[in-house]
Number of protein chains: 2
Amino acid sequence: MSFIPLQPDAPLGTPGLPHERSDAARNRERLLCAARELVDEFGAEALTMDALACKAKVGKGTVFRRFGSRAGLMMTLLSDAESEFQRGFMFGPPPLGPGASPADRLVAFGEGRIYFVLENGELLKAAGAATRNRFDVPATKLSHRHMEVLLREAGIADPWVMAMSLTYALDPERIVDDVRVRGISPRRLTDSWRELITRLLKAS
Amino acid sequence: MSFIPLQPDAPLGTPGLPHERSDAARNRERLLCAARELVDEFGAEALTMDALACKAKVGKGTVFRRFGSRAGLMMTLLSDAESEFQRGFMFGPPPLGPGASPADRLVAFGEGRIYFVLENGELLKAAGAATRNRFDVPATKLSHRHMEVLLREAGIADPWVMAMSLTYALDPERIVDDVRVRGISPRRLTDSWRELITRLLKAS
DNA sequence: ATACTAAACGGACTACGGTCCGGTTTCTAT
DNA sequence: ATAGAAACCGGACCGTAGTCCGTTTAGTAT
């Protein structure tokens, strides 16, 4: 349970941190490399921590020290793609980024999120599951805050709670299962999201 | 994996079924009884299948033959309360039951659901987790269908998908964590739900 | 009553996520 | 170069969900 991933991903000489030991760095590299291979070959669902430790020629304890949990590993594997998506809605061009109306930005956000989830679905599901509450995923918090700001700007009475409703409406499990299990086209999902946001934010 | 809970809960002489054996009936009774005691005393989260088997003086295999999985057991435990709630929105008085406008019925449905979840949260979370997709829970399917019908009546373009969005917005995990972990009052949840439905279904 | 069969039983077994801790390695100070 | 301490390592170990299969037992036909 209680576990703090010491230097989650400090890449280089971060200011005060006591310089990550070389064996630790080497093992982290080995682990990430092996994890990516395993995911590519068998999919994220099939990745077990034992197999990873074995493939990376590392003890199991090392895997958990590095990533804290299976969910933590998946989040690390996702972090690049996630950062890019975040840059998109925080600093990118409209309508996703700043410059458009809250409604347009929310529509674009949902569409972007849906396609992002469809590309990284397995990883996202694995990252969200087994976490006591999926909301603890940092990226989820950021998305929630983003929507909250836009909803407030659009005059929603309780933007925090409404953003939570929308967050769950975009739940990775929901999106992936809609498309892959229940046969809903991505297009229908984005269209419905647009309808939801449009009606929700239509000036009264 | 593959497992069909033979006669999920056939209470009496169901037509053609080859009459459940007496030892099976007796063990099911023992199991349900023990399960309820354990849940009352320690909470649903803390219930382990081993402990249940032990307490019911029954082999572990028997537990799984009866309920298929931990989620299945939780669903069985829930079924009474769930049936009552279902009767409420299908046959009860308006605004929850038939007779009110779709918007009013949806508002009432969400409010009822929120309070229902807050009362049976642990069981619901346990029933939904570990199922490959939570949508497979039969009660969830029925709720989804109910909302779909109301949304269609209210002129939503793709009621099936919209109902799915709303289903996830009312996710048990979300509701329970909002209230118990993030300190949101049930009142704020129901108010926000009302705002969501009202704006969504406002005549354009 | 007896014999037969299909269903039910039980508990040993597997797989997996996660924890623990004694031993080892790297870095730093001298 | 040496010593000491902090960080790190590995793999044995634990708890839990779920499976398997040889054995027992309830119903049925004679």
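Letters A, B, ... mirror the listed sequences (proteins, then strands); counts begin at 1.
Contacts of B/D23 classified as salt bridge (Lys or Arg N to Asp or Glu O under 4.0 Å), with partners at least two apart in sequence or in another chain: B/R21. Applying the salt bridge (Lys or Arg N to Asp or Glu O under 4.0 Å) test to A/R30 and every residue at least two apart in sequence or in another chain returns nothing. By the salt bridge (Lys or Arg N to Asp or Glu O under 4.0 Å) test, A/R152 pairs with A/E148, sequence neighbours left out. Under the side-chain contact (heavy atoms from CB on, under 4.5 Å) criterion, B/A157 pairs with A/E195, sequence neighbours left out. Partners of B/R36 by salt bridge (Lys or Arg N to Asp or Glu O under 4.0 Å), not counting sequence neighbours: none found.
Distance A/R70 CZ to C/dC16 P: 10 Å, rounded to the nearest Å. Between A/R28 atom CZ and D/dG10 atom C1' the separation is 19 Å, expressed in whole Å. We find that CG of B/D23 is positioned 7 Å from P of D/dG27, with the value rounded to whole Å. Remark: C1' of D/dG15 and CG of B/L52 are 16 Å apart, rounded to the nearest angstrom. Spacing between atom NZ of A/K57 and atom P of D/dG11 amounts to 12 Å, rounded to whole angstrom units. With rounding to whole Å, B/N27 atom CG is found 12 Å from D/dT25 atom C1'. Look at CZ on A/R26: it is 18 Å from P on D/dA7, rounded to the nearest Å. We find that CZ of A/R66 is positioned 8 Å from C1' of D/dC8, with the value rounded to whole Å.
A donor-acceptor pair shorter than 3.5 Å cannot be found between the side chains of A/R66 and A/T76.
Where B/A25 and A/S22 each meet DNA chain C at their nearest nucleotide, the meeting point lying more 5' is that of B/A25. In terms of position on DNA chain D, the residue among A/D50 and A/T62 whose nearest nucleotide sits closer to the 5' end is A/T62.
Checking D/dA26, D/dG10, C/dG18 against every side-chain atom of A/F64, the shortest atom distance belongs to C/dG18.
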Side-chain donor-acceptor distances from residues 41-55 of chain A under 3.5 Å, at least two apart:
from: A/T48; atom 1: OG1; to: A/A51; atom 2: N; distance (Å): 3.1
from: A/D50; atom 1: OD1; to: A/K60; atom 2: NZ; distance (Å): 3.4
from: A/D50; atom 1: OD2; to: A/K60; atom 2: NZ; distance (Å): 3.4
from: A/K55; atom 1: NZ; to: A/E37; atom 2: OE1; distance (Å): 3.1

What side-chain donor-acceptor pairs closer than 3.5 Å can you find for residues 82-90 of chain B, not counting sequence neighbours?
from: B/S83; atom 1: OG; to: B/S79; atom 2: O; distance (Å): 2.7

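No donor-acceptor pair under 3.5 Å is formed between the side chain of B/S143 and the backbone N or O of B/T140.
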Nucleotides 20-24 of chain C: which of its N/O atoms have a protein N/O under 3.5 Å away?
none

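For DNA chain D, the residues of residues 40-48 of chain B within the heavy-atom distance limit of 4.0 Å (strictly under) are B/L47, B/T48, sorted by number.
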